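What you see is a predicted model; the values in this text were computed from it and never measured.
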Amino acid sequence: MINERIIRHTNNTVEINCFTDPDIALKALENKQFSPNMILLDINMPLMSGWEFLDIFQKTEIAKRPDCKLFLLSSSLDANDKEMSERYESVKGFITKPLSIEIFKSICNEHYN
């Protein structure tokens, strides 16, 4: 909810889809009608870890699209998490929570000019 407010504050015309169930998110990503250009993925989720999600996501067609960029969000300060994120080709960045307007603008400027 906080991340959604930050994104809306930055761009109130963007379409935002939030998923609390990773299985539903993965099913949505299989749908060719659903075409996100940014995914913010929390590492710590209740039903499946972000790493498990990434292992499945890496095998999808959308993971291969250059216009879809995935960023990990984490409250973890563990350097191993950042290092592990770099092993995934589809991960374009590792963001330490909380997401801020400045960080989100920076991501947009760097990846979506």
Can you name the closest pair of heavy atoms from [X] and [Y] and give their distance?
X: Lys64; Y: Lys59; value: NZ-O, 3.8 Å
X: Met38; Y: Cys108; value: CE-SG, 4.3 Å
X: Val14; Y: Arg8; value: O-NH1, 3.0 Å
X: Phe71; Y: Tyr112; value: CE1-OH, 4.2 Å
X: Cys18; Y: Glu4; value: SG-OE1, 3.6 Å
X: Ser76; Y: Asp81; value: OG-OD2, 2.6 Å

Intermediate values then yes/no, side-chain contact (heavy atoms from CB on, under 4.5 Å), Leu47 and Asp23
CA-CA 9 Å; Leu47 302 173; Asp23 288 321; 5.8 Å; no

Exceeds 12 heavy-atom contacts within 6.0 angstrom, atom [atom1] of [X]:
X: His9; atom1: NE2; value: no
X: Arg5; atom1: CZ; value: no
X: Lys105; atom1: NZ; value: no

According to a hydrophobic-cluster definition based on side-chain heavy atoms being under 4.5 Å apart (Ile, Leu, Val, Met, Phe, Trp, Tyr only), do [X] and [Y] belong together?
X: Ile39; Y: Ile2; value: no
X: Phe94; Y: Ile107; value: no
X: Leu41; Y: Ile7; value: no
X: Leu73; Y: Met84; value: no
X: Leu54; Y: Leu29; value: yes

Looking at [atom1] of [X] and [atom2] of [Y], how far apart are the two atoms once the value is rounded to the nearest 0.5 Å?
X: Ser85; Y: Asn80; atom1: OG; atom2: CG; answer: 11.0 Å
X: Ile103; Y: Thr10; atom1: CD1; atom2: OG1; answer: 11.0 Å
X: Asn109; Y: Phe104; atom1: CG; atom2: CZ; answer: 10.0 Å
X: Ser74; Y: Asp42; atom1: OG; atom2: CG; answer: 6.5 Å
X: Ile6; Y: Glu102; atom1: CD1; atom2: CD; answer: 9.0 Å
X: Leu72; Y: Ile43; atom1: CG; atom2: CD1; answer: 5.0 Å

Quick one: does NZ or CZ of Lys27 land under 6.0 Å from the six-membered ring centre of Phe19, within 45 degrees of the ring axis?
no

Counting only N and O atoms by type, is there a donor-acceptor contact under 3.5 Å from the side chain of Arg65 to the main-chain atoms of Asn37?
no

Can you check salt bridge (charged side-chain N to carboxylate O under 4.0 Å, His left out) on Glu86 and Lys82, steps first, answer last?
CA-CA 7 Å; Glu86 293 168 356; Lys82 185 166 180 7; 3.6 Å; yes

